[in-house]
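Structure, as structure tokens:
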Amino acid sequence: MAEDREYRMTTPVVSNPTGQGASIRTQVLEALLSAKDQYVSGERLSQAAGVTRTAVWKHIKALQEIGFCFDSAPKLGYRLTHVPDLLLGPLLTRELPQGAVLGRAVHWLPETHSTNAVAMDLANQGAADGTLVTAWEQQGGRGRRGRNWFSPRGGLWMSFVLQRPLALSRAAELTLLCSVAVRRAVLASCGLSPAIKWPNDLLLDGRKVCGVLAEIRSDGESVQHAVLGIGLNSNIPAESFPPELAEVATSLSAVLQQPIANLPLAAAIVSELEPLYDDLAAGGRGFQAVAQEWRAACSTLGKRVSVQLTKELVTGEAIGIDDHGALRLRLDTGTVIDIHSGDVLF
Ligand code: BTN
């Protein structure tokens, strides 16, 4: 924590995702990255970022504090020797496909209350479609149904601003598509095949490894904008989960017993999500197009489950999912109901 305080002191504007300090840091970092392993003079960096050499030096110090390593030589300047696995814009963008809309602007925060809250503020201010907010850690990570989301350093915490028009009736598909995208990315990047628990939890060995939270602003008929938040427990040691989560949560690194590289994993998620979002926003088949894949991975269907609704608990057999992602439950009375929002308890 002392390290964090120091970081805030030297670069106070980093907690403001669109602030000038963040943009100077981005320019300094981009100039260093594009030089590959060559030296870049302080003079060139100060020109690239439009600030004094003293300001450049402060940003270099701030970058060191979050894990970047440099060689510096009196007449040559600075040379990057190590890049940390953090979801900063200049690092993530170079892993994304050219022309990607999701993640075209990335705001990284060393710490924040909730990336969803920051992304919603940005969305309300008119941030571009696809803007991404990422954080090293969240103090008030938000989960579904008002729960907290445990978000220490090491996990993958990201929230997209989505601005394309979408009928309210199709909003629920966003999270279902997102769970498919994350599942594909985890399979491709880590070789793990999580189960999906309706509506959008990803489970490994029956424990939750990822949750998705969509928050929308709507005029009653259509979505004005949405924030799509992904919490993926990538590098979280099993022993660091709090007692109440120890039996029900896990992480990719705990299952694989090895560290996970967050940058390529985040880029894989973006690459999987983008075409699914494109299709949904264009009024395409949306969830229907991936329903077969979703059903094949789903651990809820065919089971006797209880579902916690807002006010009541219903029990029955999960017999299917409709084209928009509602869970079809055959109650013990024989009545079949469609559930649009709830919590499945096995
Ligand atoms: C769930 O309860 O299953 C959803 C959890 C979603 C957590 C993510 S972490 C990034 C984003 N910011 C938040 O505050 N919540 C989401």
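Indexing begins at 1, ligand by ligand and atom by atom, following the structure's order. FYI, side chains are in, hydrogens and waters are out, and symmetry mates aren't considered; it's all heavy atoms of this structure.
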Quiz prompt | Per-residue contact class, Lys208 against ligand 1 - non-hydrogen pairs under 4.0 Å | solution = side chain
Exercise. Taking atom types as modelled, find out whether Ser193 and Arg183 have a side-chain donor-acceptor pair closer than 3.5 angstrom.
Key: yes
Self-check item: Under 4.0 Å to a heavy atom of Gly141 - the qualifying atoms of ligand 1, by number
Solution: 14 (O)
Quiz item: Counting each atom of ligand 1 from 1 as listed, which ones have a heavy atom of Ile230 under 4.0 Å away?
Solution: 8 (C), 9 (S), 10 (C)
Practice problem: Mark up the atoms of ligand 1 that fall under 4.0 Å of a heavy atom belonging to Arg144, in ascending order. | Solution: 1 (C), 2 (O), 4 (C)
Solution key, residues 278-290 side-chain donor-acceptor pairs under 3.5 Å, sequence neighbours excluded:
unit_1, atom_1, unit_2, atom_2, d
Asp278, OD1, Arg164, NH1, 2.8
Asp278, OD1, Arg164, NH2, 3.3
Asp279, OD2, Arg285, N, 3.3
Asp279, OD2, Gly286, N, 2.7

Quiz item: What atoms in ligand 1 come closer than 4.0 Å to a heavy atom of Ser159?
Solution: 11 (C), 12 (N)
Quiz item: Do any N/O atoms on Trp157 end up under 3.5 angstrom from N/O atoms on ligand 1?
Solution: no
Quiz item: With no hydrogens and no angle check, do the side chains of Asn200 and Thr175 hold a donor and an acceptor under 3.5 Å apart?
Solution: yes
Quiz item: Which ring pair (Phe, Tyr, Trp, His ring centres under 6.0 Å) pairs, counting each pair once, include a residue from residues 208-261, with sequence neighbours left out?
Solution: Phe150-Phe241
Quiz item: Where on Val212 is there a heavy atom closer than 4.0 Å to ligand 1, on the side chain, on the backbone, on both, or on neither?
Solution: backbone
Quiz item: Of the protein's non-hydrogen atoms, which lies at the shortest distance from atom 8 (C) of ligand 1, and what is that distance?
Solution: Gly231 N, 3.5 Å
Exercise. Verify the distance criterion only: is there a donor paired with an acceptor across the side chains of Gln138 and His113 at less than 3.5 Å?
Key: no
Quiz prompt | Derivation of the side chain to side chain contact (heavy atoms under 4.5 Å, CB included) call for Ile60 and Phe70 | solution = CA-CA 8 Å; Ile60 295 278; Phe70 303 92; 3.9 Å; yes
Quiz item: Counting from 1, what ligand 1 atoms have a heavy atom of Asp201 closer than 4.0 Å?
Solution: 3 (O)
Quiz prompt | Gln138, portion touching ligand 1 at heavy-atom distance under 4.0 Å | solution = side chain
Practice problem: Verify whether one side chain among Ser159 and Asn116 offers a donor that lies under 3.5 Å from an acceptor in the other. | Solution: yes
Quiz prompt | Atoms of ligand 1 close to Arg142 [distance to a heavy atom under 4.0 angstrom, numbered from 1] | solution = 5 (C), 6 (C), 7 (C), 13 (C), 14 (O), 15 (N), 16 (C)
Quiz item: Can you list the atoms of ligand 1 that are under 4.0 Å from a heavy atom of Thr115?
Solution: 10 (C), 11 (C), 12 (N)
Practice problem: From the options Leu204, Leu192, Ile236, select the one residue that forms a side-chain contact (heavy atoms from CB on, under 4.5 Å) with Val209. | Solution: Leu204
Quiz item: Which protein heavy atom lies closest to atom 5 (C) of ligand 1, and at what distance to 0.1 Å?
Solution: Trp149 CE3, 3.4 Å
Quiz item: At a 4.0 Å threshold, what atoms of ligand 1 neighbour a non-hydrogen atom of Met158?
Solution: 10 (C)
Quiz prompt | Under 3.5 Å donor-acceptor, Asp205 side chain and Arg207 backbone | solution = no
